[in-house]
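Down below is the structure, laid out as structure tokens.
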Amino acid sequence: MSLLVAEHVSHAFGSTKALTDSHLSIEAGEVVALMGANGAGKSTLVKILSGVIRPDAGRVTLNGKPYAPESPADAATRGVVTVHQSTDVVGIPGLTVADALLLQHYVEKRSPFFLSRASVRRQARRVLDEAGFHLPLDRDFAELGAADRQMEAIARALSNKAELLILDEPTASLSMQEASRLYDIVRGLKARGIAVLYISHRTADLAALADRVVILRGGRNVGAFSRPVDFDAAIETMIGRPLSARSEEHTSELQSH
């Protein structure tokens with residue numbers, strides 16, 4: 001049985017159809033990449049899965065049960081956590097890394113707001129140990145680089161017992177070395193049976209990590225590829241025309257100037 005299944009999902013913003021009869025399935029311990037040009041429907045599907053919006057039609061199940069989260073917090077309690085491209089929201093300047101790791105626990109009153117520093121560090125260390133990460137607990141959150149903020153966000157997701165982690169353009173602000181570090185983290189999640197829905201414009205990310213690639217165009221599913229992924233064919237499916245035609249158009253444009 002698949003961990004998550006979305007069937008015949010549609011959503012419109014006014015007269016604009018963002019998703020039409022879309023579908024997606026993902027197994028535990030599988031990395032599924034979502035490909036599509038801007039406006040293809042990727043963000044809308046992610047918002048539905050993460051509880052930001054409700055679909056107009058279709059159904060989503062998680063572990064075989066209906067899944068319709070009311071909010072991202074509700075989605076997280078059910079085991080679906082989204083880490084967005086902007087990691088500024090996973091902490092507040094002035095808080096330590098330890099405080100930022102426990103911020104959601106405070107908000108949801110899972111931990112008392114007033115704790116000794118030793119207790120805060122102990123709980124934060126437990127969160128990091130469970131994730132297998134190492135971060136400087138006493139450093140100001142604002143001093144962390146983009147890669148460390150990603151690690152903090154993922155550690156917090158795992159502390160929520162995430163079964164499905166949605167990574168939205170996670171390497172957009174990372175160096176090649178930092179991206180390689182993230183790849184190792186994702187492989188570790190996969191080995192632990194955690195499913196990952198991975199959205200990225202970088203084919204290097206997808207080639208390194210994806211077990212399957214699902215392609216959206218114009219709000220519809222237009223193709224799927226399994227590893228090893230033929231990325232030329234995947235990109236042609238995504239843009240709706242042969243890459244050679246794209247090259248010829250570019251050549252004609254150059255010759256006309």
Side-chain angles (χ1 to χ4, degrees), residues 1-11 18-36 41-84 90 101 104-105 107-110 126-127 129-133 150 153-168 170 182 185-200 206 209-216 219-221 224-227:
M1 180 177 68
S2 295
L3 172 68
L4 180 136
V5 178
E7 299 176 295
H8 308 294
V9 174
S10 297
H11 189 81
L19 282 176
T20 303
D21 198 32
S22 183
H23 53 272
L24 175 74
S25 67
I26 184 166
E27 308 282 342
E30 184 181 31
V31 179
V32 174
L34 200 57
M35 278 183 72
K42 304 188 304 297
S43 295
T44 301
L45 183 55
V46 167
K47 287 177 180 178
I48 289 170
L49 298 182
S50 58
V52 176
I53 59 176
R54 287 285 192 94
D56 297 331
R59 67 192 294 266
V60 183
T61 59
L62 182 68
N63 287 315
K65 299 177 181 178
Y67 172 73
E70 299 285 346
S71 66
D74 185 27
T77 62
R78 296 166 184 251
V80 178
V81 181
T82 302
V83 177
H84 294 284
V90 302
L101 280 165
Q104 191 167 341
H105 290 243
V107 171
E108 297 174 0
K109 299 181 180 179
R110 283 185 278 165
R126 188 180 305 121
V127 170
D129 286 347
E130 288 177 356
F133 299 161
Q150 288 282 0
I154 293 171
R156 283 170 53 180
L158 297 181
S159 74
N160 283 323
K161 309 303 179 187
E163 293 185 83
L164 170 60
L165 190 64
I166 301 174
L167 298 179
D168 188 4
L182 179 68
I185 290 170
V186 172
R187 292 185 187 106
L189 298 175
K190 173 183 167 67
R192 293 166 59 177
I194 297 169
V196 178
L197 181 62
Y198 198 103
I199 298 95
S200 178
L206 310 188
L209 298 171
D211 297 308
R212 281 191 297 125
V213 171
V214 174
I215 302 173
L216 297 178
R220 296 178 181 273
N221 289 72
F225 295 81
S226 297
R227 180 180 285 275

Considering only heavy atoms from C-beta outward, does the side chain of [X] approach that of [Y] to under 4.5 Å?
{"X": "L182", "Y": "I154", "answer": "yes"}
{"X": "H11", "Y": "R54", "answer": "no"}
{"X": "I194", "Y": "L158", "answer": "yes"}
{"X": "L24", "Y": "V9", "answer": "no"}
{"X": "V5", "Y": "E7", "answer": "yes"}
{"X": "L19", "Y": "I48", "answer": "yes"}

So which atom in [X] and which in [Y] form the shortest heavy-atom distance, rounded to 0.1 Å?
{"X": "S50", "Y": "P69", "result": "C-CG, 4.5 Å"}
{"X": "L4", "Y": "L164", "result": "CD1-CD2, 3.8 Å"}
{"X": "T44", "Y": "A18", "result": "OG1-CB, 3.4 Å"}

Find the distance between [atom1] ([X]) and [atom2] ([Y]) and round it off to the nearest 0.5 Å.
{"X": "L167", "Y": "Q150", "atom1": "CG", "atom2": "CD", "value": "7.0 Å"}
{"X": "S200", "Y": "D168", "atom1": "OG", "atom2": "CG", "value": "9.5 Å"}
{"X": "L62", "Y": "E163", "atom1": "CG", "atom2": "CD", "value": "6.0 Å"}
{"X": "L206", "Y": "R227", "atom1": "CG", "atom2": "CZ", "value": "10.0 Å"}

Given 3.5 Å as the limit, does a donor-acceptor pair link the side chain of [X] with the main chain of [Y], or not?
{"X": "S71", "Y": "G51", "answer": "no"}
{"X": "Y67", "Y": "L49", "answer": "yes"}
{"X": "R59", "Y": "H8", "answer": "no"}

Contacts of E30 that satisfy side-chain contact (heavy atoms from CB on, under 4.5 Å) - sequence neighbours left out: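 Counting only residues at least two positions away or on another chain, E30 forms a side-chain contact (heavy atoms from CB on, under 4.5 Å) with I26, E27, V32, D211, R212.
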Polar side chain donor-acceptor pair, S22 to N221, under 3.5 angstrom: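 Note: S22 and N221 side chains meet the donor-acceptor criterion.
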NZ/K47: more than 12 non-hydrogen atoms of other groups inside 6.0 Å: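 Open.
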Salt bridge (charged side-chain N to carboxylate O under 4.0 Å, His left out) against D129, all qualifying residues, sequence neighbours excluded: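 If we apply the salt bridge (charged side-chain N to carboxylate O under 4.0 Å, His left out) test to D129, skipping adjacent residues, there are no hits.
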Sole residue of I199, L45, V83 in side chain to side chain contact (heavy atoms under 4.5 Å, CB included) with I166: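 Only one of I199, L45, V83 forms a side chain to side chain contact (heavy atoms under 4.5 Å, CB included) with I166, namely I199.
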